[in-house]
Every structure is written in structure tokens, then in C-alpha cells.
Enquirer: 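Can you read through this structure? Questions will come right after.
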Amino acid sequence: MLREMTITGGTCFGRTPLTVTGLRPASFFYGPNGSGKTTISRAFAGYGSLQLKPQWHDGTELAVQVYNRDLVDQILRESDRMPGVFVLGESNVDAQKRLEQIQKPGGERDLAVGLYGRMQTSHEAAQERQRDAKESFRNAAWHKYRALVDEHVALLPAFTGHRGVDRNKDMLVMRLLERDTPSKDETLPKLDDLLADAAAVFDTGATTRARLAELEDFQWSDEDGFVLLDQKVVGSSEVSLSELVEKLGNEDWIQTGRQYLHGADGRCPFCQQKAPKDLAKQLEEMFDDRYTKQLEKLKQLSTAYSSWVLSIRAGIASWSAESTNYLDEAAYQKALGSLESTVSANERLLEQKLGAPSESVDVSTSSSPVEALNAVIREANAKIDAHNRLVESQRDAKPKLAEDCWIYLADVLLRDELAAYWKRSVGLQKGVETTAQKMKEASTAIVKLDDEVRDLQQSVESSQPVIDEINGLLERSGFTSFHIVNSTELHDGYMLARDGVPLDEHSLSEGERTFIAFLYYYFRLNSRENASAKILAVIDDPISSLDSDVLFIVSALVRDLINRALSKSDHLAQVIVLTHNVYFHKEITQLRHKDEGAGRCYHVIRKSLTDGNVVETHAKNPISTEYERLWSEVRRASQGEEMSVIGLENILRRILENYFRIAGGIWEDEIVQYLEPAERPVLRSLFNWVNEGSHGVFENLHYSPSVTTQDIYLDVFKHVFVNSGHDAHYKMMMGIDESKGAAHVRV
């Protein structure tokens with residue numbers, strides 16, 4: 001059963017989600033048009049952006065069937081192919097008898113469901129006993145485990161790490177229970193041995209070290225420019241200047257001065273005299289392409305050597321601090337210094353060769369400095385390898401020692417506790433498995449009975465009885481212009497027809513549409529597809545545009561649904577009715593002979609001019625008739641509740657007209673005679689105010705009703721009843737209990 005619901009997305013209820021609590025098997029909602037009744041029904045139907053969050057009693061969810069104007073439109077849109085409603089016919093006595101045996105209260109299905117429920121209860125109890133036994137062992141095991149590791153901290157690493165216990169009691173129990181029982185001949189570890197091994201094996205500071213990468217020597221012979229180092233790199237000898245330059249031996253000076261020739265403004269950059277016209281050409285021919293290529297090779301050699309130097313220094317910088325601790329510091333510094341000295345000398349010579357290509361240089365190509373440094377590195381790596389072997393050996397020993405610690409905990413310290421738990425658990429587990437098997441058997445029996453019911457229903461059910469019942473109700477209700485027949489479009493379906501011809505839905509009046517749609521909904525609640533599920537029926541204003549006779553028929557059908565829900569023995573478990581019609585609300589809520597008020601709840605949806613509409617919950621029916629509803633508004637105003645002054649005027653007019661003029665035939669001129677002369681102007685003013693305030697619009701210049709005016713005329717309204725001798729009626733309608741004093745007023 002639905003006991004609480006929260007609806008999100010209904011704009012009529014404001015931004016805050018609407019929550020309604022205290023729902024019962026029969027729940028009634030009363031509210032004016034536009035208050036949000038259809039919003040509630042659409043939330044149940046999953047309409048648009050509306051979201052319904054239900055709270056089910058005992059978590060048992062009901063199948064929701066909604067009747068509202070959307071369903072009316074849906075049914076009438078496909079009025080020639082409505083799905084058939086199948087009910088039991090009378091053609092197969094044996095099948096009906098068998099169905100009765102299965103489906104009747106206390107029948108085979110109820111017995112199977114009862115057995116399943118009992119086995120489920122027994123199964124849950126067996127599981128609970130199993131959990132209690134495990135919890136008892138869990139506490140005992142944890143106590144002894146903590147005592148062990150707290151007293152002997154060196155053993156703690158055996159129980160941490162991957163799948164370790166640490167502070168996890170459940171992991172401790174799982175690790176203990178997954179172990180095999182030790183054999184009688186198995187030698188169990190001793191605590192003293194475990195403590196001695198733990199001091200060496202569980203040293204968490206011991207880790208492996210990365211080896212130092214050896215250095216690669218520079219391969220001079222791989223560079224084309226290497227052979228040019230001891231050669232003179234000069235320009236061409238075929239130019240006329242070549243002989244002089246060669247004789248003077250100043251090729252490098254001439255090559256350097258070439259770059260200043262174009263900016264010398266016609267002067268020779270070497271002697272500052274006027275330069276010969278062909279000087280630039282001779283210099284260009286002297287330092288030809290061969291010279292340029294040789295110079296480029298020398299530059300490439302210098303660049304390659306510099307890159308090698310950088311790679312050597314980067315490799316040394318990448319060594320970890322832990323690994324460099326294994327270097328022989330003195331030998332390392334000596335070898336590194338020798339290499340740095342050789343590198344510096346070679347870099348100077350290469351720079352010198354690039355500056356004076358015609359000169360020869362002799363660089364050091366010996367691999368001795370690099371080899372000396374690599375020898376120191378190899379010696380350090382030997383030490384690192386020895387360390388790593390020790391660590392690896394320790395790592396291999398750790399799992400073995402950890403396993404021995406677990407054996408000691410399980411098979412020495414907890415031997416008795418484990419044995420007692422296993423002995424008890426075997427019996428408890430048997431109870432769990434037995435009840436689970438019986439639950440499975442009962443569930444299988446229920447499924448087989450349901451399958452048998454479906455097979456039997458196919459042999460005896462028919463859609464024709466519903467056609468006959470709906471047509472009978474239509475005829476008795478005065479709807480004789482159309483009827484339901486078997487559909488020509490849908491097998492075993494229905495259609496609306498007039499004289500056997502499919503009917504255009506638009507030819508039906510609003511009342512006819514409402515009535516036929518509700519009848520279809522009413523009988524569909526009893527259909528085959530709804531027979532096995534518990535149903536929540538949501539009915540939103542099923543009396544739109546119906547006259548009083550048909551309204552009475554619909555009220556009787558809704559009362560039938562409500563009584564079925566209140567019986568607690570029907571598949572219809574709950575009914576929610578929403579309406580704006582006071583008479584219909586009275587018809588379906590009125591307690592009649594032998595009716596009980598239990599299982600019912602009442603809700604009033606009140607519209608707000610400023611905030612979202614609100615839903616008020618009442619234990620007793622707050623709506624009886626329109627006349628009493630008017631009095632309830634007067635009671636609220638007399639209690640000081642703020643309300644529209646214009647609305648109160650209209651309420652007072654309707655009460656006075658209904659009670660005195662229409663029901664009693666008494667007019668204000670007659671009432672005035674019962675009053676003192678001083679009160680008569682007030683009384684006439686009341687009637688004038690009532691007429692003016694309820695039928696017209698006030699001109700601010702002449703009249704402005706206020707809260708004070710409201711209080712004065714509420715008093716005069718009371719005097720009308722008291723002075724005319726109808727004070728008993730006033731007290732009754734105002735809920736004044738004289739035994740408790742006039743101040744005790746029902747709200």
C-alpha cells in the first residue's frame with residue numbers, strides 16, 4: 001500500500017516538491033478546479049516532467065491504474081480498437097471448479113504462498129543465527145589477534161599489505177575461515193622462531209637500488225671532419241692572389257677579412273687603400289666550395305663532440321642518490337677529473353681549429369678517461385647487485401614468514417575457537433540450505449499454479465460478458481444512441497458503434513465520453529492481466545458533465561471499488577479518488593450502515609494567490625455539502641485567519657440567501673422587525689454590503705471594506721441568527737460547544 005508520496009514538477013504546488021503523508025487504503029482528495037488534482041493523477045501516470053517518489057508500506061509496490069481525462073482521450077482516440085477485457089465465462093464447469101480450488105481464499109495458491117512466507121521467515125531466522133555465530137567468532141578472533149600484534153609489534157607486517165587485516169575485522173574472519181584444517185602430523189611454528197625471523201625479514205627500509213649506466217666513448221673515426229684536424233684547410237691556389245697569400249701564410253686572416261669587403265665603401269679591408277675592381281671576385285674564387293665544405297665538416301665534428309659531452313653529463317646527473325652511494329668516491333672523482341680535463345682540452349682545440357682552419361691541431365682520442373670512469377661504475381654496480389640480491393632474498397622469505405604467522409594465529413591461538421565455530425556452522429548452514437530449498441519448491445509451486453490458472457482461463461474466459469455488462473449499464477443510464485461491440489480492427493477487442501457501424505468519437509457528448517471511458521476503466525480493473533497483481537486505482541473526477549442520475553451510478557461503482565480495497569481480500573488494494581464535486585465527494589465518502597471509518601483518510605487541496613497550493617490532511621471528512629463548506633469559511637474568518645474580503649462577502653450572501661430567503665422564505669424586512677431600532681441600520685447595512693460586495697465592484701471614493709469592517713459585519717451576521725430565533729442553527733454550524741464554553745469553536 002502507498003503510505004506517502006512526493007511529487008516534483010507540479011507548478012501549481014510551487015517550487016517545493018509536494019509531499020503527502022498518511023495515505024490509507026481509501027484516500028479522498030477534494031479541491032477546486034485548477035488546484036492540482038490532475039497534476040497528482042498525471043504524476044502517477046508518469047506524465048511529462050512530473051516525477052512521483054512513492055513510499056510503499058513494507059516495501060510492497062502496487063501496480064498503478066490511473067483514470068483521468070488523459071485516459072478518456074486515449075480510449076476515445078482508438079474507439080474502434082480498444083483492447084478486450086477478459087473475464088471468466090460459464091462454458092467450462094470443470095475448469096471453473098479447478099480455478100476455484102486454486103484461487104479461492106485458503107485455496108492451493110494461498111497455501112503455497114503461505115508456505116513460501118513461512119519458509120522465508122525460517123530462512124531469514126536461520127541466516128540470522130548463522131550471522132550471530134559468525135559475529136561471536138569474529139569478536140573472539142579479533143581479541144586474540146590484537147593481543148598478539150600489540151604485544152609483538154614485529155609480527156604486524158605479516159597481517160598487513162595485500163589482503164591484510166589492519167583494522168578490518170571482516171577480512172580477519174575471511175582469511176581465517178578460508179584456511180584448511182591442519183593435519184595432526186603438521187609441525188606448527190613457534191612464537192620465538194617467528195620473532196627472530198621477523199627482525200630480519202620484515203625490515204621495511206630495505207629496497208632494491210637501480211644500477212648506474214656506464215658511459216659511451218666518443219667515436220672520432222665516425223666523424224668526417226676528424227681527418228681535417230691535422231690538415232691545412234685553405235682556399236684555391238689558382239687565383240692570382242693565392243701565391244702571395246700562401247707566401248705570407250695569412251689565409252685565415254684573409255678569410256676573416258672577407259666579411260668586411262662589402263661594407264668598406266670601395267676600400268680594401270686589409271690596407272685601407274682603394275680596392276682593385278676584381279678583389280671581391282678573386283677572394284670568392286680563392287675560398288671556393290671545397291673550402292666551405294671542409295669548414296662545414298669541422299663545425300659538424302665540433303657539434304657532435306659537444307653533444308657527446310652533454311650526454312655524458314646528463315647520464316651522470318640521472319643517477320639516483322641512493323645508487324651513487326655505492327661509488328668509490330676517491331676513484332670516481334679522480335676518473336671524472338681526468339675525463340673533464342681531456343674534454344676541456346679537446347673543446348679548446350676544436351674551437352681553435354674552427355677559428356684558424358689552416359692550422360693543424362692534435363686532439364686526444366684516447367678512450368682511457370672514459371674507461372677509467374666506467375671501471376669505477378662497474379665496481380659500484382657490483383655492490384648494487386649484491387645489495388639487490390639480499391633484498392630479493394628477503395622478499396622471497398617474507399611471504400613464507402607471513403604464512404607461518406597466519407598458521408600460528410589460526411592453528412595455535414584460535415584452534416579451539418575455529419573448531420567450535422565450524423562445528424556449529426555446519427548445522428546452521430544445513431538449516432539455511434534446507435529452508436532455501438523449501439522456498440524454491442514453494443516458489444516453483446506458485447509459478448506452476450499461475451501457469452495452470454492462465455491455461456484454465458484461456459479455456460473459460462471471454463470478453464463478451466463485459467460487452468453485455470457495459471451495454472446494460474449504458475442502456476439503464478439512458479445512453480441508447482451507442483453501444484460496445486466486438487472490434488472489426490482488433491482481434492478480441494472492442495469498438496464503439498451505432499447500429500453496428502463504427503462510431504466517430506467526436507459525435508459523443510462530453511458526458512458520454514466520460515461515462516463510457518470510466519466503465520471501460522472499471523471493468524479493466526478486473527481483467528485477466530490485473531488478476532494476479534495488487535492494484536492501486538487512482539481516479540480523477542470521473543463525473544465531468546454527467547447528470548445526477550449517471551453521477552449516482554458512477555458514485556455507486558466507485559463505492560464498490562472503495563469497499564473492495566477496504567476488505568483487504570481483493571486484488572484491488574488501494575483507491576485514491578480526486579474530485580471537485582461536493583455531491584460526488586459526499587456520495588463516495590458517506591459512511592452507511594455497517595460501514596467502518598477505519599482505512600480512510602481525507603485531503604483538501606487549497607489554492608493560494610501568492611504561494612503554491614497546499615494539501616491539508618484530515619483524519620475525519622472535512623467536506624459534507626456546499627452549504628457546510630461555506631460555514632467552514634466563516635469559522636475560519638471568525639478565528640482570525642486572513643482571507644479575501646470580497647470572498648467573505650460572497651460567502652455571507654450565499655448563506656443568508658440559502659437559509660433565510662430560499663429555505664425559510666424570510667426576507668430582511670421581516671428580520672428587521674426582531675431587532676432594536678439601533679441595530680436595524682447595521683442589519684440593513686449588512687444586506688447592502690453583502691449585495692454590493694458580492695455582486696458588484698466597489699468605488700473607492702464611496703466604500704472601502706477593511707478588516708475592521710469584516711469583524712463588525714461578522715458580528716452583525718451572528719446577530720441576524722440570534723435575534724431571529726435561529727441561534728441554535730448558528731451555534732451548530734459554527735461548531736460552538738456550550739458545554740465547553742462559547743470559545744470552543746470547531747475549525
Enquirer: Compare every heavy atom of T19 with every heavy atom of E4, then report the nearest pair and how far apart it is.
Expert: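 Closest approach of E4 to T19, heavy atoms only: OE2-CG2, 3.8 Å.
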Enquirer: State the OH-NZ distance between Y421 and K134, to the nearest 0.5 angstrom.
Expert: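 Reported to 0.5 Å precision, the distance equals 5.5 Å.
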Enquirer: Should the pair K353-E359 be classified as a salt bridge under the 4.0 Å nitrogen-to-oxygen rule?
Expert: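 Between E359 and K353 there is no salt bridge, as every charged N stays at least 4.0 Å from the carboxylate O atoms.
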Enquirer: Any ion pair linking D411 and R415 (charged N to carboxylate O, less than 4.0 Å)?
Expert: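 Not counted as a salt bridge, because no side-chain N and carboxylate O are separated by less than 4.0 Å.
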Enquirer: To the closest 0.5 Å, what do you measure between CD1 (I7) and SG (C12)?
Expert: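 Interatomic distance, I7 CD1 to C12 SG, rounded to 0.5 Å: 8.5 Å.
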Enquirer: Ion pair present between E135 and R138, side-chain N to carboxylate O less than 4.0 angstrom?
Expert: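 So E135 pairs with R138 through a salt bridge.
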Enquirer: E441 versus Q437: any side-chain heavy-atom pair under 4.5 Å?
Expert: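 Yes, close enough: below the 4.5 Å cut-off.
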Enquirer: Less than 4.5 Å apart, any side-chain heavy atom of L115 and any of K438?
Expert: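 SC-SC contact between L115 and K438 ruled out.
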Enquirer: Could you walk me through whether T6 and L52 pass the side-chain contact (heavy atoms from CB on, under 4.5 Å) test, one step at a time?
Expert: CA-CA 6 Å; T6 300; L52 175 74; over 6 Å; no
Enquirer: Any side-chain heavy atom of L2 sitting closer than 4.5 Å to one from Q55?
Expert: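 SC-SC contact between L2 and Q55 ruled out.
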Enquirer: So, E223 versus Q300: side-chain donor-acceptor pair below 3.5 Å or not?
Expert: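 The criterion, which ignores hydrogens and geometry beyond distance, is not satisfied for Q300 and E223.
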Enquirer: Could you walk me through whether M171 and M174 pass side-chain contact (heavy atoms from CB on, under 4.5 Å), step by step?
Expert: CA-CA 5 Å; M171 178 61 74; M174 184 180 74; 3.2 Å; yes
Enquirer: Measure the CD1-CG distance between I316 and L212 for me, rounded to the nearest 0.5 Å.
Expert: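 It comes to 10.0 Å.
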Enquirer: Report yes or no: do S364 and T342 form a side-chain donor-acceptor pair below 3.5 Å?
Expert: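 Short answer, no.
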Enquirer: Under 4.0 Å between a Lys/Arg side-chain N and an Asp/Glu carboxylate O for R146 and E151?
Expert: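 Not counted as a salt bridge, because no side-chain N and carboxylate O are separated by less than 4.0 Å.
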Enquirer: Indicate the atoms forming the closest heavy-atom contact of L23 with M1, along with that distance.
Expert: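 The pair with the smallest heavy-atom distance is O-CE, 3.7 Å.
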Enquirer: What are the two closest heavy atoms between V361 and L349, and how far apart are they?
Expert: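 The pair with the smallest heavy-atom distance is CG1-O, 3.9 Å.
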Enquirer: Which atoms form the tightest heavy-atom contact between P189 and I407, and what is the distance?
Expert: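 Distance-wise, the nearest heavy atoms are CD-CG2, 3.6 Å.
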Enquirer: More than 12 non-hydrogen atoms from neighbouring residues, nucleotides or ligands closer than 6.0 Å to OH on Y47, yes or no?
Expert: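 No, OH of Y47 has 12 or fewer neighbouring heavy atoms, counting only those of other groups under 6.0 Å.
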Enquirer: With a 4.5 Å limit on heavy-atom distance, are the side chains of Y116 and T444 in contact?
Expert: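 A side-chain contact under 4.5 Å is absent here.
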Enquirer: Over 60° means perpendicular and under 30° means parallel, so classify the ring planes of F159 and Y145, tilted if in between.
Expert: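 Ring orientation, 0 to 90° scale: perpendicular.
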Enquirer: For the backbone of A210 and the side chain of S323, can you confirm whether one donor and one acceptor N or O come within less than 3.5 Å of each other?
Expert: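 Yes.
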Enquirer: Parallel, tilted or perpendicular: which one describes the rings of F218 and Y305, with boundaries at 30° and 60°?
Expert: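 It falls in the perpendicular class, over 60°.
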Enquirer: Are more than 12 heavy atoms, taken from residues, nucleotides or ligands other than D362, located less than 6.0 Å from that residue's CG atom?
Expert: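 No, because the 6.0 Å sphere around CG of D362 holds 12 heavy atoms or fewer from other groups.
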Enquirer: Between L536 and W56, is a side-chain contact (heavy atoms from CB on, under 4.5 Å) present by the stated rule, with each step listed?
Expert: CA-CA 11 Å; L536 163 60; W56 302 101; 4.2 Å; yes
Enquirer: Check for a donor-acceptor pair, side chain of S136 on one end and backbone N or O of A133 on the other, with a separation under 3.5 Å.
Expert: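 The answer is no, because no donor-acceptor pair under 3.5 Å joins these two groups.
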Enquirer: Working to the nearest 0.5 Å, report the span between CD of Q120 and OG of S443.
Expert: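 Separation between the atoms: 10.5 Å.
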Enquirer: Look at the side chain of S341 and the backbone N and O of G337, then say whether any donor-acceptor pair between them is shorter than 3.5 Å.
Expert: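 Not at all, since once roles are kept as given, no pair shorter than 3.5 Å links the two residues.
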Enquirer: Do NZ/NE/NH1/NH2 and the carboxylate oxygens of R179 and E403 come within less than 4.0 Å?
Expert: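 Yes.
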Enquirer: How far does CG of D150 sit from CG of L155, to the nearest 0.5 angstrom?
Expert: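 Reported value, rounded in 0.5 Å steps: 11.5 Å.
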Enquirer: Salt-bridged, K144 to E417, with N to O below 4.0 Å?
Expert: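 Looking at E417 together with K144, the answer is yes, because their closest N to O distance falls below 4.0 Å.
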Enquirer: Backbone N or O of W308 within a donor-acceptor pair of the S311 side chain at under 3.5 Å?
Expert: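 It does hold such a pair.
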Enquirer: Backbone N or O of K334 within a donor-acceptor pair of the S338 side chain at under 3.5 Å?
Expert: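 Absent.
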Enquirer: Does a side-chain heavy-atom distance below 4.5 Å link L414 with L176?
Expert: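 Side-chain contact under 4.5 Å: yes.
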Enquirer: Is the shortest side-chain N to carboxylate O distance from E351 to R348 below 4.0 Å?
Expert: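 A salt bridge is absent here (no side-chain N lies under 4.0 Å from a carboxylate O).
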Enquirer: Tell me if the NZ atom of K383 is crowded by more than 12 foreign heavy atoms within 6.0 Å.
Expert: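 Yes, enclosed.
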Enquirer: Does the side chain of L229 come within less than 4.5 Å of L301's, by heavy atoms?
Expert: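 Yes. Closest side-chain heavy atoms under 4.5 Å.
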Enquirer: Hey, mind stepping through R378 and E371 against salt bridge (Lys or Arg N to Asp or Glu O under 4.0 Å) and telling me if it holds?
Expert: CA-CA 10 Å; R378 285 192 289 273; E371 180 58 33; 2.5 Å; yes
Enquirer: Establish, for the pair R175 and W406, whether the NZ or CZ atom is under 6.0 angstrom from the six-membered ring centre and no further than 45 degrees off its axis.
Expert: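 Flagged: R175 positioned over aromatic ring of W406.
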Enquirer: Does E216 CD have over 12 foreign heavy atoms under 6.0 Å away?
Expert: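 No.
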Enquirer: Test side-chain contact (heavy atoms from CB on, under 4.5 Å) on D217 and N374 and set out the steps.
Expert: CA-CA 10 Å; D217 198 4; N374 280 339; over 6 Å; no
Enquirer: Between T324 (side chain) and A321 (backbone), is there a donor-acceptor pair under 3.5 Å?
Expert: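 Side chain of T324 to backbone of A321, a donor-acceptor pair under 3.5 Å: yes, one is there.
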Enquirer: Report the distance from atom CD of Q127 to atom CD of Q429, rounding to the nearest 0.5 Å.
Expert: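 Answer rounded to 0.5 Å: 9.0 Å.
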Enquirer: More than 12 heavy atoms of other residues, nucleotides or ligands under 6.0 Å from NE2 of H152: yes or no?
Expert: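 Counting neighbours around NE2 of H152, more than 12 heavy atoms of other residues, nucleotides or ligands fall under 6.0 Å, so yes.
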Enquirer: Can you confirm whether the side chains of T303 and S306 place a donor and an acceptor under 3.5 Å from each other?
Expert: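 There is no such pair (donor and acceptor under 3.5 Å, judged by atom type) between the side chains of T303 and S306.
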Enquirer: Which pair of non-hydrogen atoms, one from I446 and one from A112, has the smallest distance, and what is that distance?
Expert: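 That closest heavy-atom pairing would be CG1-CB, 3.7 Å.
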Enquirer: Specify the closest pair of heavy atoms between P357 and L295, including all atoms of both residues, with the distance to one decimal.
Expert: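 Scanning both residues, the minimum pair turns out to be CG-CD1, 3.5 Å.
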Enquirer: Could you verify whether a donor N or O on one side chain and an acceptor N or O on the other, from E329 and Q333, lie under 3.5 Å apart?
Expert: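 There is such a pair between these side chains.
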Enquirer: How about T8 and L50: do any of their side-chain heavy atoms sit closer than 4.5 Å?
Expert: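 No, every pair of side-chain atoms sits at 4.5 Å or beyond.
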Enquirer: Below 4.5 Å, heavy atoms only, C-beta onward: do M5 and F44 meet side chain to side chain?
Expert: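 Side chain of M5 against side chain of F44, heavy atoms only: contact under 4.5 Å found.
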